[in-house]
Student: 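Structure provided below as structure tokens; questions to follow.
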Amino acid sequence: MSISSIKSPMLLEINWIYNLILQTIKPIEQGDIVVPPLLQEDLAYSKYLEKVQPTLYERVILALAHSFQLAPKLFQKLLHEEIENTTSIDSFGLIAHSVTNHIQPTIHTANWLCDSCNIKTQFIDEHHFLFTDQIIEPLIFYPSVFNTPLIFTKKAQCLFFGETEYIPEYSKEFPAQLLETSLKKEDLVLPKTIFNELNELIYWIKNEDFFQKDIHLKKWIRPGFRGLFYGPPGTGKSLTAALIGKETDRPVYRIDLSSIISKYIGETQKNLAKVFDRGERNHWILFFDECDALLGSRSNSGTANERGANQEIAYLLQRIECYNGIILLATNLKENIDEAFLRRFEVSIQFTIPDFAARKQLWSTIFADNYNIPNDWIHNLATTYKLTGGALVNVLRFVALYKKQNSDYLPLEIILEGIRREYNKIGQTMPTYKISS
């Protein structure tokens with residue numbers, strides 16, 4: 001296999017690392033090959049480099065991973081043809097894959113290469129962005145960080161070579177899910193005051209660079225934005241978070257606090273650190289739903305467990321305050337939140353049970369198109385039943401199933417049955433349907 005046979009826009013990068021290795025093994029006069037090549041600006045990899053601004057050492061690591069990804073036999077060729085058996089496989093950190101037998105570069109390889117070329121090396125551990133950002137496969141299963149093979153993750157392969165955007169999979173290492181919606185901001189039915197605060201938040205996200213570039217503002221205004229949504233279930237907190245992401249073209253990830261909180265002291269901090277590090281580097285909006293579990297009042301009883309819990313709260317408080325991005329937190333009960341947290345939010349928005357006018361609008365919006373509910377029904381339903389938007393969506397699901405199984409005609413009794421089920425969920429008696437005079 002020759003380097004010239006590789007058909008890839010990354011040929012320059014692979015050729016650069018290839019020549020670095022050759023120069024190290026058999027020094028010859030080739031001029032300054034330490035400087036990495038300039039790549040096409042439209043490459044996904046070039047855009048990534050522009051975003052993360054890697055050091056020369058980090059660029060070597062990325063180039064080694066690229067070389068193995070696109071030319072897996074390259075290092076075997078170097079080993080057998082160029083070294084001519086004068087150096088053993090472990091001398092510069094190459095390892096053989098247990099299944100394919102391909103020769104893989106490691107962090108040891110990067111260190112050996114950089115030391116030989118007078119490139120300053122760095123300490124690499126599991127907190128380095130190449131691991132926290134899921135570019136290089138993690139350090140698990142290897143006795144030392146130096147033995148870690150430089151292999152791209154599925155995310156990196158999708159990012160650099162794929163045609164679709166990478167969406168992280170829910171896992172123990174990443175207990176979060178992408179929060180999406182097919183609705184638009186115009187579909188939200190909220191009081192004008194909430195809409196004003198929502199528009200302010202969206203405007204800030206779209207213009208946050210302005211605040212960081214203005215010398216005076218940067219001096220006084222900390223980076224990032226922290227918002228608290230509080231109010232009863234079904235009032236639109238999660239939907240609002242999803243729509244903020246949609247309006248600002250930012251992924252929103254809902255954090256599963258039940259997976260993050262650990263019974264082992266110190267584990268919760270580690271789990272939170274992974275989420276914060278990845279979110280910050282990828283400019284994600286982090287959405288902590290039902291955040292009472294971590295933001296509750298701290299105890300002073302002094303037991304080991306409670307000291308550990310207080311440490312977790314203090315850690316979360318510190319990471320939220322220092323997070324250079326957007327964090328949204330939602331709770332059903334604001335009074336359960338520690339006052340120390342409340343002072344640190346740029347905005348605190350209360351979501352309330354919709355009033356009569358909002359309920360009428362919700363009925364008209366959610367049951368639009370093919371349902372043709374008479375206006376007097378909508379008036380009476382909105383008057384009688386104080387339902388949230390989330391509850392009305394559940395009623396819509398019940399009604400849609402009925403229409404699918406029966407006919408186009410929709411009796412009032414079916415709508416009332418859907419409403420009755422919603423009242424049963426919360427253990428309340430359904431009020432009697434009132435006909436307005």
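Just so you know, these numbers use all the heavy atoms, side chains as well, and skip hydrogens, waters and symmetry mates. Just so we're clear, the structure is a prediction, and the values are computed from it rather than from any experiment.
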Student: Please determine which of I419, T365, I366 meets the side chain to side chain contact (heavy atoms under 4.5 Å, CB included) test together with L392.
Tutor: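 Option passing the side chain to side chain contact (heavy atoms under 4.5 Å, CB included) with L392: I366.
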Student: Not counting sequence neighbours, which residues clear salt bridge (Lys or Arg N to Asp or Glu O under 4.0 Å) with K360? List them please.
Tutor: none
Student: Check D115 with K120, please: is the shortest side-chain N to carboxylate O separation under 4.0 Å?
Tutor: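 Judged by the 4.0 Å cut-off on N to carboxylate O distance, K120 and D115 do not form a salt bridge.
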Student: Which residues satisfy the salt bridge (Lys or Arg N to Asp or Glu O under 4.0 Å) test with E280, sequence neighbours excluded?
Tutor: none
Student: Give the minimum heavy-atom separation between I95 and P149, together with the two atoms involved.
Tutor: CD1-CG, 3.6 Å
Student: Side chains of residues 185-198: which donor-acceptor pairs under 3.5 Å do they make with residues two or more places apart or in other chains?
Tutor:
from, atom 1, to, atom 2, distance (Å)
K185, NZ, N199, OD1, 2.6
D187, OD2, K184, N, 2.9
N196, ND2, K192, O, 3.4

Student: Sequence neighbours left out, cut at 3.5 Å: what donor-acceptor pairs do the side chains of residues 54-71 make with other protein atoms?
Tutor:
from, atom 1, to, atom 2, distance (Å)
T55, OG1, E58, N, 3.2
T55, OG1, E58, OE1, 3.4
T55, OG1, Q122, OE1, 2.3
Y57, OH, N111, OD1, 2.4
E58, OE1, T55, N, 2.8
E58, OE2, Q122, NE2, 3.2
E58, OE2, H128, NE2, 2.8
R59, NE, E13, OE1, 3.4
R59, NE, E13, OE2, 2.8
R59, NH2, E13, OE1, 2.9
R59, NH2, P37, O, 3.1
H66, ND1, L62, O, 3.4
S67, OG, A63, O, 2.8

Student: Which atom pair, heavy atoms only, marks the closest approach of F131 to E137?
Tutor: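 Here F131 and E137 meet closest at CE2-O, 3.3 Å.
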Student: Is the centre of the F351 ring less than 6.0 Å from the centre of the Y230 ring?
Tutor: no
Student: Just wondering, do R421 and F398 contact through their side chains at under 4.5 Å, heavy atoms?
Tutor: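 Result yes, sub-4.5 Å side-chain heavy-atom pair found.
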Student: Quick one: side chain to side chain contact (heavy atoms under 4.5 Å, CB included) partners of K51, sequence neighbours excluded?
Tutor: N282, H283
Student: Which heavy atom of N394 sits nearest to which heavy atom of R397, and what is that distance?
Tutor: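 Answer, listing the atom of N394 first, then R397: OD1-NH1, 3.0 Å.
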Student: With R281 as the cation and F129 as the aromatic partner, state whether NZ or CZ is under 6.0 Å from the six-membered ring centre and within 45° of the axis.
Tutor: yes
Student: Check P36 against W16 and note the closest heavy-atom contact, atom names and distance.
Tutor: CA-CE2, 3.6 Å
Student: For E321, enumerate each residue passing the salt bridge (Lys or Arg N to Asp or Glu O under 4.0 Å) test, keeping only those at least two apart in sequence or located in another chain.
Tutor: R222, R344
Student: Are the ring centres of F287 and Y253 closer than 6.0 Å?
Tutor: no
Student: Of all the heavy-atom pairs spanning I244 and L328, show the shortest one and how long it is.
Tutor: CD1-CD1, 4.0 Å
